[in-house]
Structures are given as C-alpha cells and as structure tokens.
Number of protein chains: 2
Amino acid sequence: MKRDQAEELKSLQDTLYFIGGKWRIPVINSLCNGNRRFREIERSIPGITTRMLSKELKEMEMNKLVKRTVYDDTPVSVEYEPTEYCRTFGNIIMEMINWGRDHRKFIQKNK
Amino acid sequence: MKRDQAEELKSLQDTLYFIGGKWRIPVINSLCNGNRRFREIERSIPGITTRMLSKELKEMEMNKLVKRTVYDDTPVSVEYEPTEYCRTFGNIIMEMINWGRDHRKFIQKNK
DNA sequence: TTAACTGGTATACTCAATGATACTGGTTAC
DNA sequence: GTAACCAGTATCATTGAGTATACCAGTTAA
C-alpha cells in the first residue's frame with residue numbers, strides 16, 4: 001500500500017485551515033479542561049480579548065465544535081460545552097503540549 | 001500529580017508560535033517525505049510561492065530545523081535536509097493528517 | 001537560439017486577523 | 001451608591017503574513 005503524499009498534504013492543510021487563527025486551539029483546550037462560562041474561559045487564556053473570544057466561540061458554534069446554552073435564571077447565565085467533535089482534537093493538542101514542553105527543556109539545556 | 005493548566009497552555013502556545021504561519025508544517029512534511037532540492041520542495045507544495053518557500057527555509061535554517069548544503073558541481077546544486085529536531089514534529093503532523101482525513105470522511109458522510 | 005531547467009532575490013500591494021478601547025444593561029455584594 | 005461581577009457588542013487602528021509579478025545568472029537539451 002503506497003502512501004499518497006498529495007492526499008496527506010491535503011489532509012494536513014485541511015486541518016491547519018480548520019485550526020485557523022491564534023486562539024482556536026487554546027479555546028478548545030480550555031473547554032476540554034472543563035471551563036464553561038464566558039469569563040471563566042476568558043480568564044483561563046491570558047492575553048485573549050473579549051472580542052476575540054466572542055468571535056471564536058461564535059465560529060466554533062457554527063462549526064459544531066461547541067454547544068451554547070442559555071439558562072434563564074437571574075441573571076441569565078450562559079454555558080459553553082465542547083461537542084464530541086471538538087474532543088477529536090485531543091490527540092493533536094496532547095502532542096502539541098508534549099512538543100512545547102520538550103522544546104522548553106531543550107532550550108533550557110542548550111542555554 | 002496535578003495537571004498544571006497554565007503550564008500546559010504555555011507549552012501549547014509555544015508550539016503554535018513555533019509552527020507559525022501557513023507553510024511551516026507543509027514544508028517540514030515535504031522535507032520529511034524526502035524532498036531535498038528547492039524546486040522539488042516547491043513543486044511538492046502546490047500553492048506556495050518561491051518567495052514564501054525561500055523565507056520559510058531561511059527561518060527554518062536559523063531555527064536549526066533544516067540543514068542547507070551547497071554542492072560545488074556545475075551547476076551549483078543545493079540540498080535541504082531536515083534535522084533530527086525537525087523530525088520531532090512527526091507525531092503532531094501524523095495526528096494532523098489523521099484528523100484531516102477523518103474530517104473529510106465526516107463531511108462526506110454528512111453531506 | 002530558444003526554451004526550460006536550476007536557486008533564488010526584489011518590489012509592490014492587499015487584506016484579513018488581531019489588538020485597543022470603550023460601552024451596554026442587568027445583578028449582586030459592601 | 002458605588003464597585004465589581006456577568007455576557008457580551010461596537011468601532012477603529014494596525015500590521016505583518018501572504019500574494020503577485022518580474023527578474024537575475026548560469027546550465028542543459030532540442
């Protein structure tokens with residue numbers, strides 16, 4: 001069975017496209033870590049602005065990565081939940097965390 | 001042993017920063033697939049421009065991801081080789097290819 | 001001699017992603 | 001009453017990543 005490099009490249013680029021900007025992966029990670037409320041997610045990602053988080057969550061809702069639920073208590077509270085589909089990024093994120101960790105060690109050692 | 005979410009996020013963001021733009025991962029992938037010559041790499045990544053590939057390879061050389069060797073035959077030929085460090089992206093790339101592939105199937109099924 | 005290959009560089013431009021800042025309307029605690 | 005929380009929206013400015021296009025000097029093949 002031959003490896004189809006063009007097909008692999010296409011898959012790779014699809015993934016990169018889907019991951020898109022700077023915040024998608026951190027937001028997925030935050031949701032998968034159990035953060036649910038808007039401000040809670042915001043606080044869990046230092047540096048993100050309200051605007052970017054809002055945009056990101058909207059797009060992710062459209063892409064079925066996140067489920068938004070409004071609870072009608074007073075005051076209204078909103079919950080964001082990662083879908084099963086969202087969780088399929090688990091392996092990629094894990095590998096990225098591992099790489100970043102090893103990279104840091106590597107830098108420290110060679111400094 | 002507790003998971004340190006801040007540390008994980010930092011590792012994640014370091015990795016994302018290192019991966020950077022649109023072409024880094026495709027170039028690494030191409031090199032790891034055995035492409036060595038400039039035009040060969042260029043052709044293996046449809047859509048990339050000469051300028052972007054040139055920039056990418058220079059940065060990657062500075063970051064010790066790639067080794068550039070000039071052979072003094074006529075005409076001069078140049079070879080790019082992935083370093084061991086470059087190959088540490090193997091797992092991430094593999095997971096990304098898998099995700100993209102599954103995603104395509106998922107889209108097709110639900111269409 | 002003309003075209004096509006090699007390995008790139010130079011210049012100009014554009015636009016979409018991100019950042020900065022302010023604001024809203026409602027609620028709760030001191 | 002005022003400060004701080006919630007969940008965002010609105011507007012504007014910026015910037016750099018990426019694109020487009022042309023070009024260079026040398027070599028090889030028809």
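Per chain, numbering begins at 1; letters A, B, ... match sequence-line order.
With rounding to whole Å, A/E40 atom CD is found 13 Å from D/dG8 atom P. Distance B/Q13 CD to C/dT18 P: 13 Å, rounded to the nearest Å. Between A/E42 atom CD and C/dA20 atom C1' there is a gap of 14 Å when expressed in whole angstrom units. Rounded to a whole Å, the CG atom of A/L53 is 13 Å from the P atom of C/dT18. For the pair A/L16 CG and D/dA17 P, the computed distance is 16 Å after rounding to whole Å. The CZ atom of A/F38 sits 10 Å away from the C1' atom of D/dT9 (whole-angstrom rounding).
In the set D/dC6, C/dG8, D/dG8, C/dG8 carries the atom at the smallest distance from any side-chain atom of B/Y80. Of the candidate nucleotides D/dG8, C/dT6, C/dT18, C/dT18 has the atom nearest to the side chain of A/M52.
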Listed pairs, N/O of protein and of nucleotides 21-30 of chain C, under 3.5 Å:
unit_1	atom_1	unit_2	atom_2	d
C/dT28	OP1	A/T74	O	2.9

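Heavy-atom distances under 4.0 Å link DNA chain C to no residue of residues 18-32 of chain B. A heavy-atom distance below 4.0 Å to DNA chain D is reached by these residues of residues 54-64 of chain A, ordered by number: A/S54, A/K58.
Looking at A/E56 and A/R24, a side-chain N of the basic residue comes within less than 4.0 Å of a carboxylate O on the acidic one, giving a salt bridge.
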